[in-house]
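One is the number of the first residue; the rest follow in order along the sequence. Everything quoted here is computed from the prediction, not taken from an experiment. Just so it is clear, the values below take in all heavy atoms, side chains as well, and ignore hydrogens, waters and symmetry mates.
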Amino acid sequence: MLLSRLCTLNKVAVIGLAAIFVSAISTPKIISSQLEQQTLDIVKQVNAIPYYKAELLDANFGWLSSEAKVKVGLDFSSLAAQQPELKDLEALEVVFDIDYSHGPLLASGFNLANFNVSLNSDGITENLNWDKAQPLYQLTAKTDLFGNLSYRDKSPKMSYINSDGLEFMVDAYQGQATSENGQLIHKGVLPLMTFTSPELAMSVTDLVMDTELSQPLTSYFNYDSIPVYSASVMFGNWQFRTANDEPVASLNKLLMTMTSDLDETTRLASGELAYKLNDFAVMGYEGQNLELVMETNNWDEQSYIKLNKMFLMPSEGTDSDTQIDQIISFLQDNLLDILRPNPEFNITSLKGSLPEGDFNANLMAKVENVESTPNTLTDIKFWLSHLNVNSHVEIAKPLFEMVARQIVMSQLVNHPSLADATPEELNQAVEQQTPSFIGMLQAQGTIITKGDIYLLDFELADQQAKLNGNDFPLPL
């Protein structure tokens, strides 16, 4: 199974190499008189991206047209420090063919250059199947007189089957990109993906990807800057079924959105990650209108970049314990730079509708007014002195009672007095003790009643906390 997983990673990496190469070739303003140097610059840009390498194999630069072959590779051995399962994979290398058309005026319009990038079968394993008369990936692009890039990209239907009975199929993909006001706007559509194993079948339909990029594409593949973008991925329908075609789970209209921004004046970073699900069904249990929206604000640019590199690019040979020690040391040495801008982490929305009722919650948390740092990161008094937290939770009574039953169950299942209890006896004990558990929470003031819902409000500021309006003791 491990070998099949590694082979699957290899196929996915082929598509990743295409994305890397497209980012490089789309960055420069293609000008015919500088084409040779720009092609070498493309190779240089790929080589600057961690774990990737490129080489110009062959080129013929003419007056009205030019051709080039560029080999692009991914070195799995350099990734093995973070993902040991990759150590057995050989470096993956593929060859891209580039055809340029250039000149003062092109028949297609007032363009500086048109170019076509294609990835054919060289270096691709035979287990990946597609119509070999078509490139595995193809991009057709043009740059206009103002250097604006537009392109269409596509890949044919492909499949992968191995000896363990795993089958992966991706339908034909099509995308289109245009430049507007300095941003590259891309939309990609993938009608169907399927995965089949001897135990489970999965299908995803109507996958739509929308992206707006404000920086050169290659900047999104290195860790020397904070990416600025907005992106969304919509999954039309996600189905899981058993080998006997019995339904297991379905997700309908799952939308994931991501944004990342950097304030040019303050040099502080912010971002948002949101999930929205129209409806789901899991083994007959259904829900609707689920939403989770998280955001971060006011993160120091340089600290963010350095910390991100430590997570994603640890030094070769660094084990996980050493990496954690290095991160803790970095946080201690740079804590003031990190905290001085008053960083925030917020859950602006957590809500949904389940058969037992609705729930709705939010959390706003920030560290503020830090002018000096503690001797250790575990100084509780320091954190309570600078944390500002507001949280609000509303949950329907039947839904909270279901959650309470699960909490009581987790407490009783390992209780010595019930070690020999039957499932019926255990469930009976849970039903008997759940009302007492909820009553205890009400008596403590942890939850309060408002009509058909339970409420919880928590506030923390200036070393003082309140729970539902009442003072809450802190471990100072």
Side-chain angles (χ1 to χ4, degrees), residues 214 223-230 257-274 291-312 323-351 360-394 444-448 455-476:
S214 302
Y223 308 121
D224 293 322
S225 63
I226 291 177
V228 177
Y229 66 88
S230 64
T257 61
M258 300 154 283
T259 63
S260 177
D261 200 8
L262 178 67
D263 189 294
E264 293 295 335
T265 302
T266 64
R267 309 305 298 178
L268 298 179
S270 62
E272 181 184 90
L273 176 61
E291 179 177 277
L292 171 61
V293 183
M294 300 173 287
E295 66 176 22
T296 58
N297 298 310
N298 303 331
W299 290 90
D300 175 68
E301 177 186 21
Q302 292 305 315
S303 299
Y304 179 100
I305 292 172
K306 292 175 183 176
L307 194 58
N308 196 41
K309 282 186 175 181
M310 295 183 74
F311 275 110
L312 300 177
Q323 183 183 11
I324 292 173
D325 290 340
Q326 291 174 346
I327 291 172
I328 292 175
S329 178
F330 174 84
L331 292 174
Q332 289 174 331
D333 294 340
N334 297 272
L335 193 60
L336 188 57
D337 290 335
I338 296 171
L339 300 183
R340 185 177 280 153
N342 301 335
E344 301 179 4
F345 171 75
N346 303 319
I347 300 176
T348 59
S349 179
L350 174 60
K351 63 182 182 180
N360 193 350
N362 59 61
L363 169 70
M364 308 295 174
K366 66 179 178 178
V367 181
E368 58 185 5
N369 304 323
V370 175
E371 298 297 335
S372 60
T373 56
N375 293 326
T376 67
L377 295 177
T378 57
D379 187 335
I380 299 298
K381 186 175 182 179
F382 167 81
W383 294 108
L384 293 178
S385 299
H386 296 285
L387 272 173
N388 188 318
V389 178
N390 283 277
S391 179
H392 177 77
V393 179
E394 297 181 4
Q444 293 173 342
T446 304
I447 56 174
I448 58 177
L455 297 177
L456 185 153
D457 283 297
F458 180 77
E459 302 174 20
L460 170 62
D462 301 324
Q463 299 188 47
Q464 295 183 349
K466 289 185 177 295
L467 181 61
N468 297 322
N470 300 314
D471 290 340
F472 184 82
L474 296 173
L476 293 173

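Going from atom CG of Asp379 over to atom OG of Ser385 covers 8.0 Å, rounded to the nearest 0.5 Å. In this structure, the separation between CD on Glu272 and CG on Asn297 is 9.0 Å, given to the nearest 0.5 Å. Note that CD of Glu295 and CZ of Phe345 are 9.5 Å apart. Values are rounded to the nearest 0.5 Å. Note that CG of Asn375 is 8.0 Å distant from OG1 of Thr373, once rounded to the nearest 0.5 Å. Note that CG of Asp337 is 5.5 Å distant from CG of Asp300, once rounded to the nearest 0.5 Å. Atoms CZ and CG, from Phe458 and Leu363 in turn, are 10.0 Å apart once rounded to the nearest 0.5 Å.
Of all heavy-atom pairs between Leu336 and Ser372, the closest is CD1-N, 4.0 Å. Between Ala365 and Asn346, the shortest heavy-atom contact is N-OD1, 3.1 Å. For the pair Ser260 and Pro227, the tightest heavy-atom approach, listed with the atom from each and the gap, is OG-O, 2.6 Å. Closest approach of Pro341 and Leu268 over heavy atoms only: CB-CD2, 3.7 Å. Taking both residues in full, the closest heavy atoms of Asp224 and Ile305 are given as O-CD1, 3.7 Å, listed atom of the first, atom of the second, then distance.
Side-chain atoms of Trp383 come within 3.5 Å of backbone N or O of Leu377 as a donor-acceptor pair. Remark: the backbone N or O of His386 is not paired with any side-chain donor or acceptor of Asn369 at under 3.5 angstrom.
Between Ser214 and Asp261, every side-chain heavy-atom pair lies at or beyond the 4.5 Å cut-off. The closest side-chain heavy-atom distance from Ile338 to Trp299 is below 4.5 Å. By the 4.5 Å heavy-atom criterion applied to side chains, His392 and Leu455 are counted as neighbours. A heavy-atom distance below 4.5 Å is not found between the side chains of Tyr304 and Leu262. Within the 4.5 Å cutoff, the side chain of Thr348 has heavy atoms near those of the Met364 side chain.
Dense packing is recorded around CG of Asp333, with more than 12 heavy atoms of other residues, nucleotides or ligands lying under 6.0 Å away. Atom CD of Gln444 sits in a crowded spot, with more than 12 heavy atoms from other residues, nucleotides or ligands closer than 6.0 Å.
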Chi angles and distances behind the side-chain contact (heavy atoms from CB on, under 4.5 Å) call for Val370, Phe382: CA-CA 9 Å; Val370 175; Phe382 167 81; 4.0 Å; yes

From CA spacing to verdict: side-chain contact (heavy atoms from CB on, under 4.5 Å), Glu394, Lys351: CA-CA 9 Å; Glu394 297 181 4; Lys351 63 182 182 180; over 6 Å; no

Evaluation steps, side-chain contact (heavy atoms from CB on, under 4.5 Å), between Leu307 and Asn334: CA-CA 10 Å; Leu307 194 58; Asn334 297 272; over 6 Å; no

Criterion side-chain contact (heavy atoms from CB on, under 4.5 Å) on Asn362 and Ile347, from CA distance to verdict: CA-CA 5 Å; Asn362 59 61; Ile347 300 176; 5.7 Å; no

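When the options Glu344, Lys366, Glu368 are evaluated for a side-chain contact (heavy atoms from CB on, under 4.5 Å) with Asn298, the one that passes is Glu344.
Screening residues 456-467 for salt bridge (charged side-chain N to carboxylate O under 4.0 Å, His left out) gives Lys466-Asp471 as the qualifying pairs, with residues at least two apart or on separate chains.
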